[in-house]
Amino acid sequence: MADEWKPKIIGIICNWCSYAGADGAGSARTQYPPDVRIVRVMCTGRIDTLFVLKAFADGADGVLVSGCHFGDCHYLAGNYKAAKRMFLVKSVMQNMGLEHRRFRMTFVSASEGAKWAVVINDVINTVKEIGPSPIAAERKRRGL
Amino acid sequence: MVYSGKKASEGGDAPVEPRIGVFICHCGTNIAGSLDVVAVKEYALTLPHVVVSENYAYMCSTPGQNMIHDAIEKDHLTGVVVAACTPRLHEPTFRTATANGGLNPFRFEMANIRDQGSWVHMHDWDGGTEKAKDAVRIAVAKATMLEDLYPMAVPVEHRAMVVGAGVAGIQTSMDLAKAGIETYLIEKEPTIGGRMSQLDKTFPTLDCSQCILSPKMAEAGRMPGIRLFTLAEVESVEGYIGNFDVTIRRHARGVLTPDEAAAKGIVGGGCTGCGDCSQVCPVVRPNTWEFGMAPRKAIYIQHAQVVPLIYTIDFDACVKCGLCETACGTKKAIDLNMEDELFTVKVGTVILATGYETFPIEEKSEWGYKLYDNVISSLEFERLICASGPTIGHLVRPSDGETPMSVGFVLCAGSRDNTGIGKPYCSRFCCMYSLKHAHQVIEKIPGCKAYLFYMDIRSFGKAYEEFYYRIQHEGAKFIRGRVAQIQELPNKNLLVIAEDTLLGMPVEIEVDLVVLAAAVQPTAETEVVRRLFGVSCSADKWLLEAHPKLDPCGTTTAGVYLAGVCQGPKDIPDTVAQAEGAASAASIPIHSGQVELEPYYAQCVEALCAGCGMCVGQCPYSALSMIVNDDGRTVMTVTAAKCKGCGTCGGFCPGGAIRMQHFTSPQILAQIDAFFLGGEQ
Ligand SMILES: Cc1cc2nc3c(=O)[nH]c(=O)nc-3n(C[C@H](O)[C@H](O)[C@H](O)COP(=O)(O)OP(=O)(O)OC[C@H]3O[C@@H](n4cnc5c(N)ncnc54)[C@H](O)[C@@H]3O)c2cc1C
Ligand code: SF4
Ligand code: SF4
Ligand code: FES
């Protein structure tokens, strides 16, 4: 069992839906594994592809971007704009030699605490299945 | 807020080495019971720039806030990190504490180690502790880069808008108007009153619904401070708290009010409510307000107590014969070619009070609604038992017009139902109105039997339990168990098949009439209005309050509030109480005259801007435009008052020329780097 390796995953999520949904999972005491760290932004629209790529360059095993459902964005359409941009991430990842499933964009509303837990479990399982990031290994090898 | 910002910028403009204070909250045992707060505190001290780290039972309490205050003074902090619950709960609290210590409140950052920490990793002490350490490290990284920000104060328009004119909307508007705030009351139906005007009597006092509502409706219609628009809906919304520009669509009514007639120069004209038009109209349609149990003409009023008392033409039914025009005569109130009108009003705050409708109970086909004549819904019962209803208050069976001598009431019809067809929640007023209905049949029809099939009787309100006892004493029969099936017998009687879970045996009872206490759900229009105002909803689609306990009338959209059943099922006493709460909450920004907007807006870094103009289309609020700057270069500029701070432009600009205050790219990258590169490798 790979009990040594704990994946490092970052979730960049919007304040109004997914962050609130994640808080909702807390209120309901829905348990999930602790492998994802959170950075809060006001809207997924704020998320520059650079942020995601920097995380991977830093050695992230997985990156999750999560916002409101389409039509529910607190700022009308930030999530559409973000979703469009995030396609780019996937193609850049291929060029970086990264399995594109390490990146995921999801939509979790303020009332979907239960779904948040499912998403987190899913993301962790997918990343565990793919294994450690080759970039992380390379960074280690070079003593970075 | 009181703060000077002097501590952070001491020594003029020279960059100050960041000095961060970290405070770990135990939240009683909420956090300390599931992770090692002392280890997190000690870990924080090893982080760059952290000069003080403490832990305490309740950081949000006065002693907790004083710790922040004291540390800012004693340790000359430039930034504060509290690791506790969620910023959605206590960021304002700790910002105030930071400000009271003399730092700019935007030099505060929160690490969520409860709602997204201890509460979701209750059985993983080590994992939860590691995650909390990382969360603190990420927050410290941001805190070292925070800067002084100043909220923008914007004036608040001295007007409000209420959408939906049921009892909630009426009460809210009257309160606002009495508080000196001009209020636009927008109702989609031709009359105000909502569901309450369809009810006969109201539990637990049994006062007649119209008798307590009609005077309020009339007063609301007359009050100078209320601008009432019926047959009207919200078309679009722009702006933000203090300055909403709301466009209203007034559907063509086909009939002029006296004021509208006067404006057109028709002296002494306009609808007086005489009804001469309706007399001559040849088109007959079912009256939907009476659930089709009474007819109405193509030019109609829904009932006798409508406010405003102005006739309405149903243009889908009207054949434009012109008979009504002739009958109206010199009042010249009728305009068969009237068209919808759009107009825009500016208001400071908005209250949504769009109410409810009943769940389409025919979807539960086992009860035979719409299949069997003598299975009716609770609202239909209200109309049939009401003295002003289609049968002048004589309860009859739809199949043959006979007086029923036994009535079965099916409670939780579609409520507390997890089968997928139906609603998982409790509709909260069905138990009580079904008790009321049982009382009404026993009182009105001597010898009539009332059977209530229930799961639990929820008589939680003031004087409600007493009402329940009263109905028991009056002889109503209570059978505890969900009704499995209703069958129609050849004589159109109904066989109610249920299990009596108290006796532990199946029961079959034959009754003359069945009343389904149907679940309620938000109106279809609520979904439209919700999206226009950017208000969230819960999983069951009721509008979502900002906080269930601490901000029950507010929403996550500043300046938008909720009243009545649109937020969740509630009876009239609770509806009116919430309506008064919403009126009070919505009047606060208006009376204070200005609000502070969070200074999260975008800024253009002109030196980096290539002038491509591609960001302009990214902004949903048209806050961006291109100008020629002093150097003669075309660059982007932000209208700060229009910017809501989503950051969509900032996430897009390929040149990194857009700086999002409080969520700058260097700040976010620092958080990312702190997680991956900052900890133990
Ligand atoms: C059968 C039955 C019996 C009841 N008996 C009792 C009782 O005895 N005692 C008691 O306390 N409670 C009783 N209730 C509950 C009571 O009906 C509600 O508490 C009350 O009507 C809620 O008022 P409201 O203003 O929130 O909603 P509503 O009465 O539904 O009013 C909402 C209004 O908003 C309008 N609207 C909706 N969408 C829009 C839009 N997009 N634009 C403009 N306008 C819009 C609607 O047309 C409506 O006029 C009963 C309910 C039922 C179903
Ligand atoms: S801010 Fe960026 S996107 Fe906008 S015009 Fe300048 S360079 Fe182009
Ligand atoms: S952050 Fe940018 S896109 Fe968002 S509202 Fe402000 S200017 Fe518009
Ligand atoms: S606010 Fe949640 S995605 Fe825009």
Side-chain angles (χ1 to χ4, degrees), chain A residues 6 8 10 12 14-17 19-20 22-52 54-55 57-60 68 71-78 81-82 85 109-112 114 117 120 136 139-140 144, chain B residues 85-89 110 112 114-124 126-132 134-135 138 142 531 534 536-540 544 556-557 598 600 618-621 644-653 656 660 662-663 665 668-669 671-673 675-677 679 681:
Chain A
K6 287 226 166 61
K8 290 190 105 178
I10 197 157
I12 312 177
C14 89
N15 179 60
W16 301 101
C17 288
Y19 199 88
D23 281 348
S27 305
R29 310 294 193 275
T30 311
Q31 304 296 301
Y32 55 79
D35 302 298
V36 181
R37 306 292 183 264
I38 297 300
V39 168
R40 179 174 69 118
V41 289
M42 294 313 278
C43 173
T44 53
R46 173 69 190 98
I47 304 172
D48 195 322
T49 46
L50 173 74
F51 302 162
V52 180
K54 182 66 167 71
D58 283 354
C68 311
D72 265 0
C73 170
H74 194 69
Y75 310 96
L76 311 174
K81 309 257 164 66
R85 252 178 250 153
S109 82
S111 56
E112 292 177 329
I120 293 290
R139 289 191 73 101
K140 205 170 238 169
L144 282 173
Chain B
C85 48
T86 162
R88 292 175 59 258
L89 184 66
M110 197 151 176
N112 184 333
R114 189 190 75 176
D115 302 48
Q116 297 179 27
S118 59
W119 277 356
V120 290
H121 314 304
M122 294 175 86
H123 316 295
D124 187 350
D126 293 343
T129 305
E130 283 314 303
K131 182 170 169 180
D134 287 352
I138 291 169
K142 179 151 180 186
R531 292 197 167 194
S536 304
C537 63
S538 37
D540 43 32
L544 194 65
T556 48
T557 301
E598 287 195 293
Y600 295 167
Q618 292 275 315
C619 177
Y621 305 106
K644 295 203 185 187
C646 64
T648 304
C649 58
F652 166 80
C653 174
M660 287 309 309
H662 209 64
F663 291 91
S665 297
I668 295 172
L669 289 168
Q671 289 176 287
I672 294 170
D673 287 349
F675 172 37
F676 292 108
L677 310 178
Q681 292 299 305

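Chain letters run A, B, ... following the sequence lines, proteins first and then strands; every chain starts at 1. Computed from a predicted structure; not experimentally measured.
With a threshold of 4.5 angstrom between heavy atoms, A:Glu112 does not approach chain B through any atom at all. Neither the backbone nor the side chain of A:Ile120 comes within contact range of chain B; no heavy atoms are under 4.5 Å apart. With a 4.5 Å cut-off on non-hydrogen atoms, B:His123 touches chain A through its backbone and its side chain both. Only the backbone of B:Cys537 comes within less than 4.5 Å of a heavy atom of chain A; no side-chain atom from C-beta onward does. With a 4.5 Å cut-off on non-hydrogen atoms, A:Ser109 does not touch chain B at all. Contact annotation for A:Ile47: only backbone heavy atoms (N, CA, C, O) come within less than 4.5 Å of a heavy atom of chain B. Contact annotation for B:Thr557: both backbone and side-chain heavy atoms come within less than 4.5 Å of a heavy atom of chain A. With a threshold of 4.5 angstrom between heavy atoms, B:Leu544 approaches chain A through side-chain atoms but not through N, CA, C or O. Neither the backbone nor the side chain of A:Ala57 comes within less than 4.5 Å of any heavy atom of chain B.
Looking only at side-chain heavy atoms (C-beta outward), A:Arg139 and B:Leu677 come within less than 4.5 Å of each other. Between A:Ile38 and B:Asn112 there is no side-chain heavy-atom pair separated by less than 4.5 Å. When side chains are defined from C-beta on, A:Lys81 does not count as touching B:Phe652, because their heavy atoms never get closer than 4.5 Å.
Partners of A:Arg37 under the salt bridge (charged side-chain N to carboxylate O under 4.0 Å, His left out) rule, at least two apart in sequence or in another chain, are B:Asp134. Residues passing the salt bridge (charged side-chain N to carboxylate O under 4.0 Å, His left out) test with A:Arg85, sequence neighbours excluded: none.
Interatomic distance, CZ of A:Arg29 versus CG of B:Asp115, reported as 8.0 Å (0.5 Å rounding). Atom CG of B:Leu89 and atom CG of A:Asp23 lie 9.0 Å apart (nearest 0.5 Å). Rounding to the nearest 0.5 angstrom, the gap separating the NZ atom in B:Lys644 from the SG atom in A:Cys43 is 12.0 Å.
Figure legend: cation-pi geometry between A:Lys8 and B:Phe675, with NZ or CZ positioned under 6.0 Å from the six-membered ring centre and within 45° of its axis.
Contacts with chain B were tallied for A:Ala55, A:Cys17, A:Cys14; A:Ala55 has the most, counting heavy-atom pairs under 4.5 Å.
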Check the pair B:Ser665, A:Arg46 against side chain to side chain donor-acceptor pair (under 3.5 Å), reporting the backbone distance first and the verdict last. CA-CA 9 Å; B:Ser665 297; A:Arg46 173 69 190 98; 3.1 Å; yes
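A donor-acceptor contact shorter than 3.5 Å is absent between the side chain of B:Lys142 and the backbone of A:Val39. With B:His121 contributing its side chain and A:Tyr32 its backbone, the two residues share a donor-acceptor pair below 3.5 Å.
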